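See below for the structure under consideration.
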Amino acid sequence: MAEFDLAASFIPSLHKPASLLPIARHRQSLLYLIETYPVTIVVGQTGSGKTTQIPQYLEQAGWCSDGKVIAVTQPRRVAATTVAIRVAEEVGCKVGAEVGYSIRFEDVTSAATRIKFLTDGLLLREALVDPLLSRYSVIMVDEAHERSLSTDILLGVLKKILKKRPNDLRIIISSATLQAEDFLNFFKGDADAEPKVEKSDALTLDELIAQGSSNNQGADAELGGSIGRIINLEGRTYPVDILYLEKPAEDYVEKAVQTVFDIHTKEPDGDILVFLTGREEIDTAVQAISERAASLHPRAQSLMALPLYAGLSTEQQMYVFEEAPENTRKVIFSTNIAEASVTIDGIVYVVDSGYVKLRAFNPTTGIETLTATPVSKASATQRAGRAGRTKPGKCFRLYTEASFQSLEEATVPEIQRSNLAPVILQLKALGIDNIVRFDFITPPPAELVIRALELLYSLGALDDYAKLTRPLGIRMAELAVEPMMAKTLLSAPSFGCLSEILTIAAMTSLGGNIWFHHDGEKKRMESARRKFAVEEGDHLTLLNVYQAFVTKGRKEAKFCHDHYLNFKALSRAVSIRAQLKRYLERFGMNVEESLSSSNANKQPLSVGGGGGPDKGEQIRRCLTTGFFAHAAKMQPDGTFRNVAGGTVLHAHPSSLMFNRKADWVIFHEVMETGNKTFIRDVTKIEKNWLVEYAPEFYKIQR
DNA sequence: GATCACCTC
């Protein structure tokens, strides 16, 4: 052993100098393409520096003169903020000065901001106010290959804007290899028919550029016509060996555990990342590792298993980033969250189950399903790549090579498997009336569009000609909640319960992250939850929780801890509520704040006041005006049937109605998982309210 | 009688 360890006496720099990134060599080519063509597709492997460097190159090249801004969109909030912080550091300014970011509830930009990172959903919102997005000279859509709902809509909207701003707007799409040509073809579209107006000297330059950047220059030039080009930026990743099973595994969770032990006993140092589909599998696997790790030789390196999924608290998620203790190998069992959203350093081995849980909306039943589905080739490749970030790695696929070959090339984009009511409402508000003729990069199935149009019509957002109604439809589009809740909010003044519905809207947008417990505290959490329970159902219970939080829990961290409440989620509810309130006030609605439920333990909402219908009933009536399509009747066996009668629905175990009697109910959400269909956020109503508030809808049903 | 992948305005 050497006394002087060279590696230990140097501290590696946190960030690579920008000039050493592979992208630096392509600077001139990039700027040339962006100057010359309206659209540039950047194929950048991870580590190429595209997100951090391209906006800086553009700013230095003068794309922000006359006060214009460069926008870079991200599908996720964390990405928008972390990248902005990083670029501000490189530029040498404060975040919010020349470099800033903007996400919901956090606008860290100023008049000086020239490079702005934001979520693609927020940029779409900006288009409602500024339809041509005229303050931007360049819009870069990052991670477009992920094909999120917002990215897809944004691409369609940008194509439309480009026709109106052909000379002063530039679009950059960053994509994985597989989809680059699709994006270019999309923007080419009907530009195809126009004669090519390519300058001859540009062509020669193209050839020069393409030699350094693209391996099939001839095809690309032909492909892009006058609209754009594809440029390849090599990344900085290490090779990953892919290994397959010889024959299929019967139980991939068990096989994953065995594979982890094989790696641990036979392969050199390096942490392991295992992709499974959900919480249950992950908990099982973590348990199995902990049990069997005891059988390892006492002097051998030990094995530490950690779970990773979105449902964990931030604190619990942080463990995966910590270095393992001395003489210990870390193995992380994760959902798809580690495929793109969360990056863990030091992973050398990936074990891929080959499955992912995907959501799909059934337009016939109106029910969302969440099912384990084989991954796509693109997804499997992305997972494998997680092993080669710091040194060469290995990926163990728990399926055969033949199975891999039979996988779909790419995951079906969200727009083809989602409830499109919010999408269509948004498009209509952007002035896109003819949904069928809208230029989607991949069009959604007609059944999804029809179902969405029917719902929006029944809510009163669209008229007989499928035009957005005024003011109802326009206002629904502006509110950042799903259409049924937007309708409920806008009905609330006539029921005298706007303050309460604002709270309920904010609480339901949290998507069930309100209660929170560690291992072995389940019973105590359940009894804490019962303290807030209101007989009429989950919505009024949520109202109680919120009231208790703002009166007590916000000041005292102990309150949340003692009642097993998620402080972060409830704080977010406060922000959402405030934002919704601002919108309603802008519509001219007066929000009188009532403290109808300041005493959380007394159920004052059920008690009638002053002879008229009580507040609780008004709230439940109001909810019916938005959620009439989500109605069900309880059967003697405690399950529910929807109005059509065909579907058996179960109250979700997190619902009050899980173990209570009811007759008719409305619910916020319905989802089929495995072999059961669950309804969440359930509230009792009267049957005749359905006909009273949705006469046409219930006429059609008969 | 026993629980839902990941995001976002």
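Order of the sequence lines sets the chain letters (A, B, ...), proteins ahead of strands, with each chain counted from 1. Values below: all heavy atoms of this structure, side chains included; hydrogens, waters and symmetry mates excluded. This is a predicted model, so every value here is computed, not measured.
Along DNA chain B, the nucleotide nearest A:G278 and the nucleotide nearest A:V78 are compared for position; the residue whose nucleotide lies closer to the 5' end is A:G278. The residue among A:A480 and A:T673 whose nearest nucleotide of DNA chain B is located toward the 5' end is A:T673.
Residue contacts shown for A:N659 include a base, since a base heavy atom lies under 4.0 Å away. A:E669 comes within contact range of at least one nucleobase, with a heavy-atom separation under 4.0 Å. Within 4.0 Å (heavy atoms only), A:R359 reaches at least one base atom of the nucleic acid. When heavy atoms are screened at a 4.0 angstrom cut-off, A:S654 is found touching no nucleic acid atom at all. Residue contacts for A:T119: at a heavy-atom cut-off of 4.0 Å it reaches the sugar-phosphate backbone alone, with no base atom in range.
Among the nucleotides B:dC4, B:dA5, B:dC7, the one closest to the side chain of A:R76 is B:dC7. In the set B:dC9, B:dT3, B:dA2, B:dC9 carries the atom at the smallest distance from any side-chain atom of A:L122. Side-chain proximity of A:R104 to B:dC9, B:dA5, B:dA2: nearest is B:dC9.
Taking only distance into account, the side chain of A:R125 meets the base of B:dC9 through a donor-acceptor pair shorter than 3.5 Å. Looking at A:E368, its side chain has no donor and acceptor atom pair within 3.5 Å of the base of B:dC4. A:R680 contributes a side-chain N or O that forms a donor-acceptor pair with the base of B:dC4 under 3.5 Å.
Remark: C1' of B:dC4 and CG of A:D681 are 13 Å apart, rounded to the nearest angstrom. Between the C1' atom of B:dC9 and the CG atom of A:N419 lies a distance of 15 Å, rounded to the nearest Å. The distance from atom CD of A:E280 to atom P of B:dA5 is 9 Å, rounded to the nearest whole Å. For the pair A:L149 CG and B:dA5 P, the interatomic distance rounds to 20 Å; values are reported in whole Å. Atom CG of A:L358 is separated from atom P of B:dC4 by 16 Å (rounded to the nearest Å). Whole-Å rounding puts the A:E414 CD to B:dT8 P distance at 11 Å. The CZ atom of A:F361 sits 22 Å away from the P atom of B:dC7 (whole-angstrom rounding). Atom pair A:I103:CD1 and B:dC7:P shows a separation of 13 Å (rounding to whole Å applied).
Dashed line: the shortest gap from a side-chain N or O of A:R77 to OP1 or OP2 of B:dC9 is under 4.0 Å.
Between A:F183 and A:H145, the gap from one ring centroid to the other reaches at least 6.0 Å. Checked against the 6.0 Å centroid threshold, A:F440 and A:F438 count as a close aromatic pair.
Listed by chain and residue number, nothing satisfies the ring pair (Phe, Tyr, Trp, His ring centres under 6.0 Å) test with A:F361 (two or more places apart in sequence, or in another chain).
Classified by interplanar angle (parallel below 30°, tilted 30° to 60°, perpendicular above 60°), the ring pair A:H668/A:F627 is tilted. Between A:F404 and A:Y399, the ring planes lie parallel to each other; the angle is under 30°, not in the 30° to 60° tilted range.
Of the residues A:T469, A:I435, A:L456, the one that meets the side-chain contact (heavy atoms from CB on, under 4.5 Å) test with A:K428 is A:I435.
Salt bridge status for A:K633 with A:D663: present, with a side-chain N to carboxylate O gap under 4.0 Å.
The heavy-atom pair separating A:L276 from A:A285 by the smallest distance is CD1-CB, 4.0 Å.
Contacts with DNA chain B (heavy atom under 4.0 Å) in residues 332-339 of chain A: A:T335, A:I337, listed by number.
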